[in-house]
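Worksheet: one structure, shown below.
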Amino acid sequence: GENVEQHPSTLSVQEGDSAVIKCTYSDSASNYFPWYKQELGKRPQLIIDIRSNVGEKKDQRIAVTLNKTAKHFSLHITETQPEDSAVYFCAAMPNAGGTSYGKLTFGQGTILTVHP
Amino acid sequence: DTEVTQTPKHLVMGMTNKKSLKCEQHMGHRAMYWYKQKAKKPPELMFVYSYEKLSINESVPSRFSPECPNSSLLNLHLHALQPEDSALYLCASSQQWGLGNSPLHFGNGTRLTVT
């Protein structure tokens with residue numbers, strides 16, 4: 001099945017700096033890559049997603065890049081703010097046949113702390 | 001506002017109790033999910049319903065019994081749980097199961113404690 005590795009596990013930045021979180025996946029059939037933000041005690045919320053026919057997607061201060069050949073994708077947050085502090089999960093989902101079809105596999109998460 | 005509603009928010013139950021978790025969505029989504037999340041860990045898939053039929057059971061113990069009465073509702077019946085089953089149980093829905101670019105919308109979860 002699909003395996004997603006996420007790094008780093010913790011990330012501490014100063015307000016205004018950029019933050020980058022990286023993920024790799026194993027199943028070449030994966031073609032959908034969402035990123036979720038989960039604040040303490042709250043539900044995971046989708047912040048951005050990308051499909052495999054797109055190499056980069058941007059939404060204001062957040063961007064995601066995908067390298068399908070290398071099987072890795074990254075989340076970039078610019079001009080970080082204290083309210084960006086949360087746990088961030090990457091995920092991958094294959095939509096072709098196989099045991100991982102239709103299953104969203106999450107990375108282990110990155111605890112991002114933005115210091116004022 | 002959360003588009004996926006879960007009740008109760010918190011639940012404490014003994015190992016001999018029977019309880020149910022409930023989930024509701026009115027977005028017209030045809031796929032609904034149960035996830036289990038332990039502290040500081042990612043959500044783990046338990047069950048997937050697609051068009052009200054069970055499509056995935058991730059080898060979940062039979063003490064967890066899912067039910068999908070209609071396209072808007074999803075239940076998780078609990079019986080004879082163990083303390084290690086204590087976790088946050090998240091319900092989610094998506095437009096369709098297995099559809100690329102069909103994001104999951106999570107509810108706020110039920111915080112379950114088994115004593």
Side-chain angles (χ1 to χ4, degrees), chain A residues 1-6 9-10 21 23 25 27 29-54 57 59 64 66 68 86-112, chain B residues 1-7 9-10 21 23 25 27 29-51 53-60 87-112:
Chain A
E2 175 64 280
N3 181 51
V4 178
E5 294 193 0
Q6 183 173 346
S9 57
T10 60
I21 302 171
C23 290
Y25 61 98
D27 191 338
S30 285
N31 71 341
Y32 176 59
F33 308 92
W35 286 86
Y36 284 85
K37 174 184 179 182
Q38 188 173 26
E39 297 177 38
L40 190 63
K42 296 192 176 181
R43 62 192 172 99
Q45 287 191 282
L46 180 73
I47 55 172
I48 196 166
D49 56 10
I50 192 168
R51 294 190 69 182
S52 61
N53 58 350
V54 175
K57 185 176 178 180
D59 182 3
V64 57
L66 171 65
K68 200 162 166 56
V87 181
Y88 290 80
F89 293 102
C90 64
M93 186 177 78
N95 75 343
T99 59
S100 295
Y101 170 78
K103 297 181 187 178
L104 195 61
T105 300
F106 288 87
Q108 289 301 302
T110 296
I111 302 172
L112 174 64
Chain B
D1 286 341
T2 304
E3 298 165 319
V4 178
T5 304
Q6 289 187 244
T7 56
K9 292 183 180 179
H10 302 275
L21 309 185
C23 176
Q25 59 89 14
M27 295 179 282
H29 289 173
R30 303 315 301 264
M32 296 187 76
Y33 310 76
W34 281 114
Y35 280 84
K36 173 183 178 180
Q37 187 177 28
K38 290 279 204 177
K40 300 182 180 180
K41 294 292 185 181
E44 294 177 26
L45 182 64
M46 299 175 71
F47 302 104
V48 178
Y49 273 84
S50 177
Y51 288 86
K53 286 185 168 42
L54 184 64
S55 297
I56 293 179
N57 176 342
E58 288 286 84
S59 302
V60 179
L88 180 68
Y89 287 85
L90 292 161
C91 174
S93 70
S94 68
Q95 187 177 355
Q96 285 190 45
W97 172 52
L99 181 66
N101 206 27
S102 178
L104 265 62
H105 297 256
F106 284 93
N108 285 325
T110 294
R111 179 74 60 186
L112 175 67

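The chains referred to below are lettered A, B, ... by the order of the sequence lines, with proteins before strands, and numbering in each begins at 1.
Side-chain atoms of B:Q96 and B:S50 form no donor-acceptor pair, as typed in the model, at a separation below 3.5 Å.
Only the side chain of B:Q37 comes within contact range of chain A, with heavy atoms under 4.5 Å apart. Contacts of A:P44 with chain B are made by both backbone and side-chain atoms, with heavy-atom separations under 4.5 Å. Using a 4.5 Å cut-off between heavy atoms, A:Y36 contacts chain B through its side chain alone, with no backbone atom that close. When heavy atoms are compared at a cutoff of 4.5 Å, A:Q6 does not approach chain B at all.
The aromatic ring centroids of B:F106 and B:Y35 lie less than 6.0 Å from each other. Close placement of the A:Y25 and A:F33 rings is indicated, their centers lying within 6.0 Å of each other.
Classified by interplanar angle (parallel below 30°, tilted 30° to 60°, perpendicular above 60°), the ring pair A:F89/A:F106 is perpendicular.
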